[in-house]
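One structure below.
Order of the sequence lines fixes the chain letters, A, B, ..., with proteins taken first and strands second; residue numbering starts at 1 for each chain.
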Amino acid sequence: MDGGTLPGTDTEGVDEPDRVVFHVDMDCFYASCERLRDPELRGEPLVVGMGYEPGDTVGAVATASYEAREFGVESAMPISEALERLPRRGTADATAGEEVGETGYYRPVDLDFYKEVAGDVKDVLHDCADVVREVSIDEAYLDVTDRTAWDAAGTGSGPEATTEAVDGLPPSTAAGPAAARTLAEGYARHVKERIEREAGVPASVGVAPNMSAAKVASDADKPDGLVVVPPGTVASFLAPLPTAALHGVGPVTERALADLGIETAGDVAAADPETLAAELGDRGRELSRRARGEDDREVTPRGLPKSLSRESSLPATADEAEKRETVAALAADVARRARERGCLYRTIGIKAVEPPFDVNTRARSLPGPVDDPDLVESVALDLLDEFDDDRVRKLGVRVSKLDFAESDQATLAGFEAGEDGDRGGTRREHPASRNDVGAQITDWIGGEPRTDDDEPAPDPAEQDDEGQASLGDWS
DNA sequence: TCTGGGGTCCTAGGACCC
DNA sequence: TCTGGGGTCCTAGGACCC
């Protein structure tokens, strides 16, 4: 990362040639990491999740290996159900008489280790592309327009014109004989192989002239896939896919579309955009464009986070002490993380989920940004009062309206966190005592908070990858 | 399927201001 | 006094993603 950040000199509006965008998606990443550490797990059904350790009562599958998926185990499935479909190997659950073949391995989530592996992957990605947008721990977009091209590769040799990359794709899509073997495909293969070699885990890669098509392409042939969608073929590539294959179409939107008689991406592309807009708002229009292969979004590094939160499930309870204790612990953790990242927050909120799955959120904004763990706790508890008599199955605490103070303050924050993570907030804090939240806030209003009405802080989403803006660390 | 945890973005209504 | 329009901020909820 060179420091060449030139706000205001972006090239929007310039008519650019076709871009080459990769979407790199690690295959059941957590499971792959576990296998990297313990090769014995290779080829075996493997479930990574939380909640099945002794003493746990709630939990879900984070990742199931493809072998485990054959038993019907899926991501986000309650761990109890996963265990029913695929008993744990070597436990009482899988007692005598059970075929070993009908059991699988279970591993708890070890995020720290996965982050290490993800770091190796990221090193490769940043080495291979000028612009990388890390979407999550196991997923990223690369703009490699300046590193490769859509030109046909090599010697135009005839017989090799079809590529593995397009196997399994509908005939009307991707590289037909004429478009086969682009330089972009070769480069994607190179990236994929480097990831495998240097990080030790498999990835699927989608190659397309825009982000949304690349995203769909990486999904189209998992695991270990490489799907290339050259310019001009995006709409025909997408057309036969179900609407749910489009990024941004979940169960609700899928149903809404189905009610309109729209089942495939091709149907979306053919539908009147205004009809979609009437049903789905702006998203409908956007969906229409994407389905037709239009997506102008540039690949940009991810900006700073907009909120930090922690939540935790518990056996449904109305016990006030238990609820308060939980919220206090969550508040402390959120505040700690905020301080570690050197960020101030101006809004504090809670989430209370009542059975069966009734999500309530409450939030309160402060007059100015703070770094004050005690205040997070007291506001969160105050907001929790409303649910005193309610049974809850999940509680959460969130801070938002984040303020990553520029330069000096950010440095100070980092320094503080490093030196003494336990100290009370020391800057830009209200002077009031901490006994009563209402009093605090009122006092503060009277006092003199930093009136940051309009700090024209650059939109985080548009920040260049300068300094700490390049997330590396969170996710 | 009775549903984990950490996020993002969007929308709608109300308060408030000019 | 039954009533305009525009803008911003706040809260709550919802859809979606990995």
Side-chain angles (χ1 to χ4, degrees), chain A residues 23-30 47-52 56-64 72-85 108-109 111 114 118 133-140 212 215 218-219 243-257 277 280-287 297 302-314 316 330 333-334 337 346-367 383 386 393-402 452-454 459-461 471 474-475:
Chain A
H23 182 256
V24 176
D25 200 344
M26 310 304 298
D27 302 319
C28 46
F29 183 59
Y30 294 1
V47 178
V48 182
M50 45 226 144
Y52 50 84
D56 285 339
T57 53
V58 283
V61 174
T63 302
V73 178
E74 295 168 7
S75 247
M77 174 179 284
I79 210 77
S80 52
E81 191 182 339
L83 284 166
E84 268 172 37
R85 299 187 179 208
V109 173
L111 217 49
Y114 309 153
R133 182 185 189 88
E134 291 154 20
V135 177
S136 68
I137 192 171
D138 66 347
E139 200 187 316
S212 63
K215 165 77 181 166
S218 73
D219 259 341
T243 56
L246 296 172
H247 196 53
V249 176
V252 175
T253 306
E254 183 182 15
R255 281 238 25 184
L257 291 171
L280 304 170
D282 279 345
R283 284 181 51 241
R285 246 175 240 111
E286 191 57 35
L287 212 53
R297 290 174 302 158
R302 205 171 59 165
L304 297 162
K306 305 229 176 351
S307 67
L308 297 173
S309 67
R310 276 226 56 186
E311 58 187 64
S312 152
S313 291
L314 57 167
L330 295 170
D333 202 75
V334 168
R337 282 164 56 209
R346 206 161 77 72
T347 299
I348 297 164
I350 65 160
K351 170 152 102 175
V353 181
E354 300 176 64
F357 202 75
D358 213 354
V359 179
N360 302 277
T361 60
R362 296 293 181 270
R364 185 178 300 163
S365 287
L366 311 170
L383 294 170
E386 182 185 338
R393 57 190 303 280
K394 179 189 280 197
L395 290 165
V397 174
R398 165 195 314 262
V399 293
S400 53
K401 299 237 166 55
L402 303 186
D452 66 328
D453 297 310
D454 49 359
D459 182 340
L471 56 129
W474 42 78
S475 88

State which residues pass side-chain hydrogen bond (donor to acceptor under 3.5 Å, both in side chains) with [X]; sequence neighbours excluded, sorted by chain then number.
{"X": "A:Glu74", "value": "none"}
{"X": "A:Asp138", "value": "A:Ser136"}
{"X": "A:Tyr30", "value": "none"}
{"X": "A:Arg283", "value": "A:Thr253"}

message = Once you apply a heavy-atom cut-off of 4.0 Å, does A:Arg337 come out as touching a base, just sugar-phosphate, or nothing?
response =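 Sugar-phosphate, backbone atoms only, no base.
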task = Go through the steps to decide whether A:Val61 and A:Val73 satisfy the test side-chain contact (heavy atoms from CB on, under 4.5 Å), and finish with yes or no.
result = CA-CA 8 Å; A:Val61 174; A:Val73 178; 4.1 Å; yes
task = Can you sort out the partners of A:Arg362 under salt bridge (charged side-chain N to carboxylate O under 4.0 Å, His left out), two or more places apart, ordered by chain and number?
result = A:Glu386
task = Please name all residues satisfying salt bridge (charged side-chain N to carboxylate O under 4.0 Å, His left out) with A:Glu84, sequence neighbours left out, ordered by chain then number.
result = none
key: Intra- and inter-strand pairs of DNA chain C in dot-bracket (Watson-Crick or G-U wobble, both distances under 3.5 Å; | for another strand)   = ....||||||||||||||
ask   = A:Arg302 side chain N/O closer than 4.0 Å to the phosphate oxygens (OP1, OP2) of B:dG7?
value = no
task = Could you work out the separation of B:dC17 and C:dT3 based on their P atoms and round it to a whole Å?
result =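 Between the two P atoms, the distance is 23 Å.
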note = A correct 5'-to-3' footprint of nucleotides 11-18 of chain C, with B, S and - meaning base, sugar-phosphate only and no protein heavy atom under 4.0 Å, is SSS-SSSS
Let me check something: any side-chain donor-acceptor pairs from residues 348-356 of chain A under 3.5 Å, sequence neighbours excluded? List them with distances.
residue	atom	partner	partner atom	Å
A:Lys351	NZ	A:Glu311	OE1	3.2
A:Glu354	OE2	A:Asn360	ND2	3.0

